[in-house]
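Each residue takes its place number in the sequence, starting with 1.
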Amino acid sequence: MTEYIQALQKLLLQLTAAEQQDVVEYYREYLQEADITTYEAAVAELGTPQTVARKVLADYSIKMTEQPAGRQSTPAGTKANVKMIWLVILALLSTPVTIPLILVVGALVVAAGSVVFAGVVTVLALLVAGFAGGIVGVIVGLMTLLTAPWTGLFYLGLGLIALGVSWLVTVVVVRLVQWLIQVIAEVAKWAYRRWVTDRKDKRGDQA
């Protein structure tokens, strides 16, 4: 049993020391009450340390995203959601496979990857095109301002408008990506509770 607990603890480095201690104590007491003393018996009862660790990390990650700060549309909240989605996918993959589970995991992987990739590409494209065009317009406007004031003002205004619009559109795209990631995160939570948490609860009832 000690070998099992030590292996589990090594896989929980993403948690704080206090959280690691809580998890380790919970599973140590669980195994003691079940009178399980060997590594093999612990694996037969709980699954491998890797499986348990993935589910524990997913649990803690979901709790973090459900805190007020984690639900906000901020870069930190979005980063927490992306991390949670990945941990939930790993936890789902550690669960006995069923056809609905395969479909959900596949959809989560494709959706999360597509949203992040599309968002990054779109924002970069807008930044490069908008800011490049805006800067060129501003430079041309300043260079012609003294020789041809009206033409210079035209290009200067056009460049400033391009910079402003590109920035505004970039902000909108970022917000949209954050919202889509939040939606995917909610689906991930539902899938986790449907196929992982429910199984744990049923196992506890049977015990």
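In terms of the side chain to side chain donor-acceptor pair (under 3.5 Å) criterion, Thr170 has no residue partners (sequence neighbours excluded).
In this structure, Gln178 contributes its side chain and Thr78 its backbone to no donor-acceptor pair below 3.5 Å. Gln20 places a side-chain N or O within donor-acceptor distance of the main-chain N or O of Leu15, the cut-off being under 3.5 Å. Between the side chain of Glu19 and the backbone N or O of Thr16, at least one donor-acceptor pair lies under 3.5 Å. Checked by atom type and distance alone, the side chain of Tyr27 never pairs as donor or acceptor with a backbone atom of Leu8 at under 3.5 Å. For the pair Thr144 (side chain) and Val140 (backbone), a donor-acceptor distance under 3.5 Å is present. At least one donor-acceptor pair closer than 3.5 Å links the side chain of Ser114 to the backbone N or O of Val110.
Looking at heavy atoms from C-beta onward, Thr48 lies out of side-chain contact with Val52 at the 4.5 angstrom threshold. Proximity of Leu46 to Tyr4: side-chain heavy atoms (C-beta onward) are separated by under 4.5 Å at one or more points. Using a 4.5 Å heavy-atom cutoff, the side chains of Trp86 and Val82 are not in contact. In this structure, Pro49 and Tyr39 have side chains that are in contact, with non-hydrogen atoms separated by less than 4.5 Å. Side-chain contact between Glu3 and Glu40: absent, with no pair of heavy atoms (C-beta onward) separated by less than 4.5 Å.
A continuous path of ILVMFWY side-chain contacts below 4.5 Å connects Tyr26 to Ile5, so both sit in one hydrophobic cluster. Residues Trp179 and Val187 share a hydrophobic cluster, clusters being chains of Ile/Leu/Val/Met/Phe/Trp/Tyr side chains in contact below 4.5 Å. Leu153 and Leu158 fall into different hydrophobic clusters, where Ile, Leu, Val, Met, Phe, Trp and Tyr are joined by side-chain heavy atoms under 4.5 Å apart, directly or via other members. A continuous path of hydrophobic side-chain contacts links Ile139 to Ile161 [ILVMFWY only; heavy atoms under 4.5 Å]. In the hydrophobic clustering of this structure, Leu176 groups with Val174; members are Ile, Leu, Val, Met, Phe, Trp, Tyr whose side-chain heavy atoms approach within less than 4.5 Å, directly or through other members.
Because its NZ or CZ atom is not both nearer than 6.0 Å to the ring centre of Tyr192 and within 45° of the ring axis, Lys189 does not count as a cation-pi partner of that residue.
Here the closest heavy-atom approach between residue Leu163 and residue Gly130 is recorded as CD2-O, 4.3 Å. Across Leu90 and Arg54, no two heavy atoms sit closer than the pair O-CD, 3.7 Å. The minimum heavy-atom distance linking Ser61 with Lys83 is given by the pair OG-C, 4.2 Å. The two residues Leu57 and Leu87 have their closest heavy-atom pair at O-CD1, 3.8 Å.
Tested against Val56 for a side-chain contact (heavy atoms from CB on, under 4.5 Å), the candidates Thr51, Leu11, Leu12 yield a single pass: Leu12.
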Working note: Tyr60 + Val23, criterion side-chain contact (heavy atoms from CB on, under 4.5 Å); need CA distance, chi angles, decisive distance, verdict.
CA-CA 11 Å; Tyr60 274 92; Val23 173; 3.7 Å; yes
Set out, in order, the CA-CA distance, both residues' side-chain angles and the distance that settles side-chain contact (heavy atoms from CB on, under 4.5 Å) for Ile181 and Ile85, then state yes or no.
CA-CA 9 Å; Ile181 290 175; Ile85 292 168; 4.2 Å; yes
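In this structure, the separation between CG on Leu145 and CZ on Phe154 is 14.0 Å, given to the nearest 0.5 Å. Interatomic distance, Met64 CE to Ile62 CD1, rounded to the nearest 0.5 Å: 12.5 Å.
Side-chain polar atoms of Tyr30 and Glu45 form a donor-acceptor pair below 3.5 angstrom.
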